[in-house]
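Following: one structure in structure tokens, then a few remarks.
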Amino acid sequence: MNETTAAREFPAALDKLRSHRSVRQFTNEPVSDECLEAIISTAQRASTSSNLQSYSVIVVRDPERRKQLSPLCGGQAQVTDCPVFLAFCADLNRAKVLCEASGYAFSARFIEYFLVAVTDATIFGQTALAAAEALGLGGCMIGAARNHPEEISQLLQLPPLVFVVFGMTLGHPRTDQKVTLRPRLPLAAIMHHEQYDSSKWQSAHAAYDGAMKATGIYDGRRIDLSRRVEKWQDVTPEGAYGWIEHSARRWIDPAAQRRQLRPFFDKQGFGFE
Ligand SMILES: Cc1cc2nc3c(=O)[nH]c(=O)nc-3n(C[C@H](O)[C@H](O)[C@H](O)COP(=O)(O)O)c2cc1C
């Protein structure tokens, strides 16, 4: 919610989308196959580049396999604690096999192929999350599934031309916890009319910084870069640490940059011409 739209009323469908929050803690209630198929088949209705549907999803229910996945996803407890983990993959393997069966050589050498598959997988995954939320479930996307691309590909037995873009934990949200929605940037920061306008977004970010600070989200959660960035010192005073400082530290954190991705993509058959 942001200041421009907070006062308005929206139809139920929008209300549902507008009440999204990432859920990281779940009850023990399982997610039925029927429910999962409803979620995934709904996600398939999402737009897809040229109707190519260049994605796959791997459903991981087995607790043992999720236990193996967790350290590959930054050790996040939600990966072992959720009833279902979904790995959303960019998938050009099917395209290759089908092209070759039709007598065409296929090569994913251009950046455009990569973008098509990543965009498709992302839209598919987000639509799945929205569908799950419409059914009363909750979940959280797991970008940390790109921390160890080789190992996760091996664990999920991914063929060439397939990789995990992000994971997703899914389940029934615990109800014994306070529900808060994480504020978003004011529209002025992200919405432009006719042409890109740099004149307003600075002040919009400053306002947002204050709103995020006020949620208390950063209390005790400052990012410490002292062991990762040479000569780095935390000089930000207590009251000044907000979204801007936190995000800046995330952007420059060398440990968060997943630098091994390029060689992995090369090996997996994606080109960047
Ligand atoms: C691609 C992507 C990857 C994410 N990866 C993680 C993750 O690995 N762990 C996590 O706890 N949250 C992850 N998130 C959730 C974001 O932190 C969350 O969406 C954001 O802070 C906004 O909070 P909200 O979803 O509750 O509104 C991810 C979100 C996206 C879109």
Side-chain angles (χ1 to χ4, degrees), residues 13 16-48 53-91 93-94 117-159 162-182 258:
K16 201 72 218 161
L17 289 170
R18 297 173 69 82
S19 58
H20 158 80
R21 68 192 168 99
S22 293
V23 170
R24 298 175 177 85
Q25 289 180 304
F26 307 95
T27 67
N28 290 330
E29 195 179 337
V31 176
S32 68
D33 284 339
E34 192 190 10
C35 190
L36 203 53
E37 282 173 21
I39 290 167
I40 299 302
S41 61
T42 301
Q44 281 187 288
R45 295 305 319 152
S47 300
T48 151
Q53 304 169 64
S54 310
Y55 51 70
S56 295
V57 61
I58 321 272
V59 178
V60 184
R61 287 185 181 279
D62 178 17
E64 194 46 48
R65 189 163 285 116
R66 281 187 291 104
K67 213 187 266 179
Q68 293 173 320
L69 276 170
S70 177
L72 302 181
C73 296
Q76 298 187 61
Q78 54 174 319
V79 176
T80 25
D81 297 346
C82 66
V84 191
F85 179 88
L86 301 175
F88 285 93
C89 302
D91 185 343
N93 172 54
R94 297 197 327 267
V118 170
T119 309
D120 265 17
T122 306
I123 294 169
F124 175 57
Q126 167 56 31
T127 309
L129 185 55
E133 289 172 354
L135 292 173
L137 276 76
C140 181
M141 292 187 179
I142 305 291
R146 296 190 301 273
N147 284 6
H148 301 279
E150 295 264 9
E151 290 85 343
I152 203 166
S153 301
Q154 210 163 18
L155 187 62
L156 301 177
Q157 293 282 286
L158 303 185
V162 180
F163 70 92
V164 178
V165 181
F166 55 88
M168 188 184 293
T169 55
L170 199 66
H172 295 269
R174 273 173 54 175
T175 51
D176 56 343
Q177 285 159 336
K178 199 173 139 221
V179 172
T180 47
L181 299 190
R182 220 168 256 193
R258 298 173 186 143

**Message:** With a 6.0 Å cut-off (strictly less than), is the heavy-atom count around CD of Glu151, excluding the residue itself, greater than 12?
**Reply:** yes
**Request:** Mark yes or no for whether Arg21, through its side chain, and Arg182, through its backbone, hold a donor-acceptor pair below 3.5 Å.
**Result:** no
**Request:** Of all the heavy-atom pairs spanning Ser19 and Leu181, show the shortest one and how long it is.
**Result:** O-CD2, 3.5 Å
**Request:** Please round to the nearest 0.5 Å and tell me the distance separating atom NE2 of His148 and atom OG of Ser153.
**Result:** 12.5 Å
**Request:** Would you check if the side chain of Ser70 reaches a backbone N or O of Gln76 as a donor-acceptor pair within less than 3.5 Å?
**Result:** yes
**Prompt:** Checking side chain to side chain contact (heavy atoms under 4.5 Å, CB included) for the pair Gln25/Asp81: CA distance, chi angles, key distance, verdict?
**Reply:** CA-CA 7 Å; Gln25 289 180 304; Asp81 297 346; over 6 Å; no
**Side-chain (Arg66) to main-chain (Val79) donor-acceptor, under 3.5 angstrom** = yes
**Asked** Sub-3.5 Å donor-acceptor pair from the side chain of Arg24 to the main-chain atoms of Thr169, do we have one?
**Response** no
**Prompt:** If only atom types and distance count, is the side chain of His172 paired as donor or acceptor with the main-chain N or O of Gly138 below 3.5 Å?
**Reply:** no
**Request:** State, to 0.1 Å, how close Gln78 and Val23 come at their nearest heavy-atom pair, and which atoms those are.
**Result:** OE1-O, 4.0 Å
**Item:** Closest contact, heavy atoms only, Val165 versus Ala90
**Value:** CG2-N, 3.5 Å
**Request:** Name the orientation class of the two ring planes belonging to Phe124 and Tyr55 (parallel below 30°, tilted from 30 to 60°, perpendicular beyond 60°).
**Result:** parallel
**Request:** Report yes if some heavy atom in the side chain of Ile142 is under 4.5 Å from a heavy atom in the side chain of Phe166; otherwise report no.
**Result:** no
**Request:** Walk me through it: do Leu72 and Asn147 pass the test side chain to side chain contact (heavy atoms under 4.5 Å, CB included)?
**Result:** CA-CA 6 Å; Leu72 302 181; Asn147 284 6; over 6 Å; no
**Asked** CD1 of Ile40 to CZ of Arg45: how many Å apart, nearest 0.5 Å?
**Response** 14.5 Å
**Request:** Starting at CD of Gln68, measure out to OG1 of Thr80 and round the result to the nearest 0.5 Å.
**Result:** 12.0 Å
**Message:** Working note: Leu170 + Ile39, criterion side chain to side chain contact (heavy atoms under 4.5 Å, CB included); need CA distance, chi angles, decisive distance, verdict.
**Reply:** CA-CA 11 Å; Leu170 199 66; Ile39 290 167; 4.1 Å; yes
**Request:** Considering non-hydrogen atoms only, spot the tightest contact between Leu156 and Ala87 and give its length.
**Result:** CD1-CB, 3.8 Å
**Request:** Looking only at non-hydrogen atoms, find the nearest pair between Ala145 and Cys73 and report the distance.
**Result:** CA-SG, 3.9 Å
**Asked** Considering only heavy atoms from C-beta outward, does the side chain of Val118 approach that of Phe163 to under 4.5 Å?
**Response** yes
**Asked** So, does Gln157 use its side chain to make a donor-acceptor pair with the main chain of Gln154 at under 3.5 Å?
**Response** yes
**Request:** Would you indicate whether Gln177, at its atom CD, is surrounded by more than 12 heavy atoms from other residues, nucleotides or ligands within a distance under 6.0 Å?
**Result:** yes
**Message:** Within the structure provided, determine whether Cys89 and Val164 are in side-chain contact (heavy-atom separation under 4.5 Å).
**Reply:** yes
**Request:** For Asn93 and Leu158, run side chain to side chain contact (heavy atoms under 4.5 Å, CB included): C-alpha distance rounded to whole Å, both residues' side-chain angles, the deciding distance at 0.1 Å, then the answer.
**Result:** CA-CA 9 Å; Asn93 172 54; Leu158 303 185; over 6 Å; no
**Asked** Would you say Val59 and Val84 make side-chain contact, with heavy atoms under 4.5 Å?
**Response** yes
**Prompt:** Does the side chain of Met141 reach to within under 4.5 Å of the side chain of Gln126, using non-hydrogen atoms?
**Reply:** yes
**Request:** Output the distance between atom SG (Cys140) and atom CE (Met168), rounded to the nearest 0.5 Å.
**Result:** 9.0 Å
**Message:** Can you tell me how far apart CZ (Arg94) and OG (Ser54) are? Round to the nearest 0.5 Å.
**Reply:** 7.0 Å
**Prompt:** Quick one: CG on Leu137 to CD on Glu29, what's the gap to the nearest 0.5 Å?
**Reply:** 8.0 Å
**Asked** Is the backbone N or O of Pro149 less than 3.5 Å from a side-chain atom of Arg258, with the two atoms forming a donor-acceptor pair by type?
**Response** no
**Request:** Identify the two heavy atoms, one from Ala43 and one from Ala128, that lie closest to each other, and give their separation to 0.1 Å.
**Result:** CB-N, 3.6 Å
**Message:** Tell me if the CG atom of Asn28 is crowded by more than 12 foreign heavy atoms within 6.0 Å.
**Reply:** no
**Prompt:** Can you find a heavy atom in the side chain of Ser22 that is under 4.5 Å from one in the side chain of His20?
**Reply:** yes
